[in-house]
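These notes are about the structure you will find just below.
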Amino acid sequence: MGKLLTLILQAQFELLALTILLTNNEGEEYDQQIIASQAVSEAAKRGLALHKKFGGGRNLALAEALAKQKALTMEDINIMVDFFEKFKLDKNDPGWYNPENPSVKWICWSLMGDESGKQWAIKMKIMIEKGLKDKSIKIKAE
């Protein structure tokens, strides 16, 4: 029950942070930043360390942005969601969660933020798309 409560509180905190970030009482456009959560960042850091040692995975720019908690674009979020939708998860793979002999799939999964990245990216995409539809948020063109 304690773990469930922690997860619920973390989700509520992320929703509150995004709401504050995307809310603008004057209705003016301004730059919004989408920043990965700490859990996503830590997983991406692990993935980068594994990649450096063992190889695997190709989208290092996104993994580095996740690890450093840099601002992401809607395109980045879509890339993450697409990755997780297509990824064949196999936790029975002998290299899964094995830092001494990791599987390429586990390295790729980690580079994208693992389960935390999956949940976070899906939530962000849904919230941003909802905000764009009801015009409660605006994304400034660069």
Side-chain angles (χ1 to χ4, degrees), residues 1-25 28-142:
M1 183 69 174
K3 188 171 184 172
L4 178 61
L5 182 59
T6 301
L7 291 172
I8 291 170
L9 289 173
Q10 180 183 4
Q12 288 178 335
F13 176 74
E14 288 176 5
L15 286 170
L16 176 62
L18 183 66
T19 301
I20 291 169
L21 181 67
L22 298 178
T23 301
N24 184 348
N25 293 333
E28 299 171 5
E29 288 188 21
Y30 63 98
D31 292 326
Q32 287 103 15
Q33 292 188 331
I34 305 165
I35 308 291
S37 69
Q38 188 64 36
V40 176
S41 173
E42 292 303 318
K45 287 176 187 175
R46 179 187 65 230
L48 288 167
L50 290 168
H51 181 275
K52 185 176 181 180
K53 187 172 180 180
F54 299 101
R58 288 175 268 154
N59 194 349
L60 297 183
L62 180 52
E64 288 168 354
L66 293 170
K68 295 176 182 175
Q69 292 186 296
K70 290 187 175 182
L72 303 175
T73 65
M74 189 64 197
E75 182 180 351
D76 295 329
I77 300 300
N78 286 332
I79 288 169
M80 290 177 73
V81 171
D82 288 346
F83 169 83
F84 289 116
E85 285 177 354
K86 295 174 184 169
F87 189 82
K88 304 280 190 258
L89 184 65
D90 183 7
K91 291 186 178 181
N92 293 322
D93 181 327
W96 199 265
Y97 283 113
N98 181 348
E100 301 305 316
N101 189 20
S103 67
V104 172
K105 284 189 170 190
W106 182 52
I107 294 171
C108 292
W109 177 258
S110 297
L111 287 168
M112 286 294 191
D114 72 31
E115 187 64 30
S116 299
K118 178 181 179 182
Q119 299 305 318
W120 178 82
I122 291 168
K123 281 192 285 187
M124 289 300 107
K125 182 174 180 165
I126 290 168
M127 289 189 303
I128 291 167
E129 287 178 348
K130 180 182 181 290
L132 290 172
K133 283 180 187 171
D134 69 16
K135 299 184 180 173
S136 61
I137 65 168
K138 296 177 177 88
I139 296 179
K140 192 174 194 177
E142 293 185 36

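Quick note: residue numbers are just sequence positions, from 1.
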One should read off an interatomic distance between L66 CG and S37 OG, to the nearest 0.5 angstrom, of 9.0 Å
Scanning both residues in full, the closest heavy-atom pair of W120 with I35 reads CZ2-O, 3.3 Å
Checklist entry - Are Q119 and E115 close enough that some pair of their side-chain heavy atoms sits under 4.5 Å apart? => result yes
Closest heavy-atom pair, K45 versus A67, reported as atoms and distance to 0.1 Å, is CE-O, 3.2 Å
Separation between CG (L62) and CE (M112), nearest 0.5 Å, reads 4.5 Å
* Student check: side-chain heavy atoms of E129 and M74 closer than 4.5 Å -> yes
Taken to the nearest 0.5 Å, the spacing of D82 CG from E75 CD works out to 10.5 Å
Determine the interplanar angle of the F84 and W109 rings, folded into 0 to 90°, and report it as parallel if under 30°, tilted if 30 to 60°, perpendicular if over 60°. perpendicular
Note: A36 and V40 closest approach over all heavy atoms is CB-CG1, 3.8 Å
side-chain contact (heavy atoms from CB on, under 4.5 Å) with L50: of V104, N98, I107, only one passes, and it is I107
(Q) With a 4.5 Å cut-off on side-chain heavy atoms, are M124 and L72 touching? (A) no
Closest non-hydrogen contact found for L111 with L48 is CD2-N, 3.5 Å
d(I77 CD1, I126 CD1) to nearest 0.5 Å is 12.0 Å
Heavy-atom neighbours of K125 NZ exceed 12 at 6.0 Å: yes
What one should report as the nearest heavy-atom pair of Q69 and Q38 is OE1-OE1, 3.3 Å
Residues W96 and L89: closest non-hydrogen pair is CZ2-CD1, 3.3 Å
